[in-house]
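So that we are looking at the same thing, I have put the structure below in structure tokens.
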Amino acid sequence: MSTIVFLHAHPDDEASQTSATMRLAADAGHRVVCVYATNGDHGTVPADLREGETVVDRRRAEAQASAVALGTARVVWLGYADSGMTGWEQNSHEQSFHACSTDEAAARLARVLDEEDADVVVGYDWHGGYGHPDHVKVHAVVHRVAELAARRPRLLEATMNRDHLRRMFEAATAAGMAPEDADWDPDAPADDGNPVGTPEAEIHWHVDARPVLAAKRAALSAHASQEDVGWMLGMPDEQFAAAFGDEWFIEPGREPGMTDGHPVG
Ligand SMILES: [Zn+2]
């Protein structure tokens, strides 16, 4: 039995990026803790907010529903402000996660790790997959916390497999399923000037999400107020499995080579 603490930047990141890994860990008897750095304050404002209800209230409630779907034992909020995408004025908000002290955020996360006597901490790759400032910050904070926690945890970084994305895109194009005007190139620089995700040769773990795709869908459904979630859930099962059927992790310091299976056995 291990305790695994996931640090996510925004509510719904756990659903799209690591929900199968969380569900599988919980099913295997491990304790899963989900820490959110921000309240997701810049998410879509739902049209059906009740009187007195804020976007943050809604997003916290949605995250709790996602936790139920995933078997997450505890949800923790660090309470930073969402920094928005690169260049947004919110980047410089004094409470923004991206602008906060890495040491301070890591110290707060370290308290959670110590309370939980955590064995494993999970963050994101060095550019947060695609360069969102809050996601890049998750990487920095998780690396720092691995030095601060009383019991040094194993460190994992969720990422996207650039080679897998390219193969999927080529297959979709060959099958005539890619949009006519699609010129997406996984090797071209994304928002942050880097290609998306990580080359396969630098990835250590591949988790097959297919056995728990229903839980992944349920976690995404929990975040119904978010625009992005709609198109994900609109996919037919086969397409959803192709898009969300795999989760990938880097384990810094581990020798090269990818293992098919859950990183926490
Ligand atoms: Zn996010």
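Residues take their numbers from the sequence shown, with the count starting at 1. Both ligands and their constituent atoms are indexed starting at 1 by order of listing.
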- Message: Any N/O/S atom, side chain or main chain, of His10 closer to the Zn ion (ligand 1) than 2.8 Å?
- Response: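 Yes, His10 qualifies, because one of its backbone or side-chain N, O or S atoms lies under 2.8 Å.
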- Message: Ring centroids only, cut at 6.0 angstrom: are His135 and His139 within range, meaning strictly under it?
- Response: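 Aromatic pair excluded; centres sit 6.0 Å or further apart.
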- Look at Asp13 and state whether any of its N, O or S atoms is less than 2.8 Å from the Zn ion (ligand 1).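 True for Asp13.
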- Task: Look at the N, O or S atoms of His132, main chain and side chain alike, and state whether any lies under 2.8 Å from the Zn ion (ligand 1).
- Result: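 Given the 2.8 Å cut-off, His132 does not count as a ligand of the Zn ion (ligand 1).
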- Message: Can you see whether Tyr36 has Arg59 sitting over its ring - NZ or CZ less than 6.0 Å from the centre and within 45° of the normal?
- Response: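 Judged by the rule, Arg59 and Tyr36 form no cation-pi pair.
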- Message: Could you check whether Arg23 pairs with Asp27 (Lys NZ or Arg NE/NH1/NH2 to Asp/Glu carboxylate O, under 4.0 Å)?
- Response: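 A salt bridge is present here (some side-chain N lies under 4.0 Å from a carboxylate O).
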- Gap separating the CZ atom of Arg108 from the OG atom of Ser101, nearest 0.5 angstrom: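 It is 10.5 Å, given to the nearest 0.5 Å.
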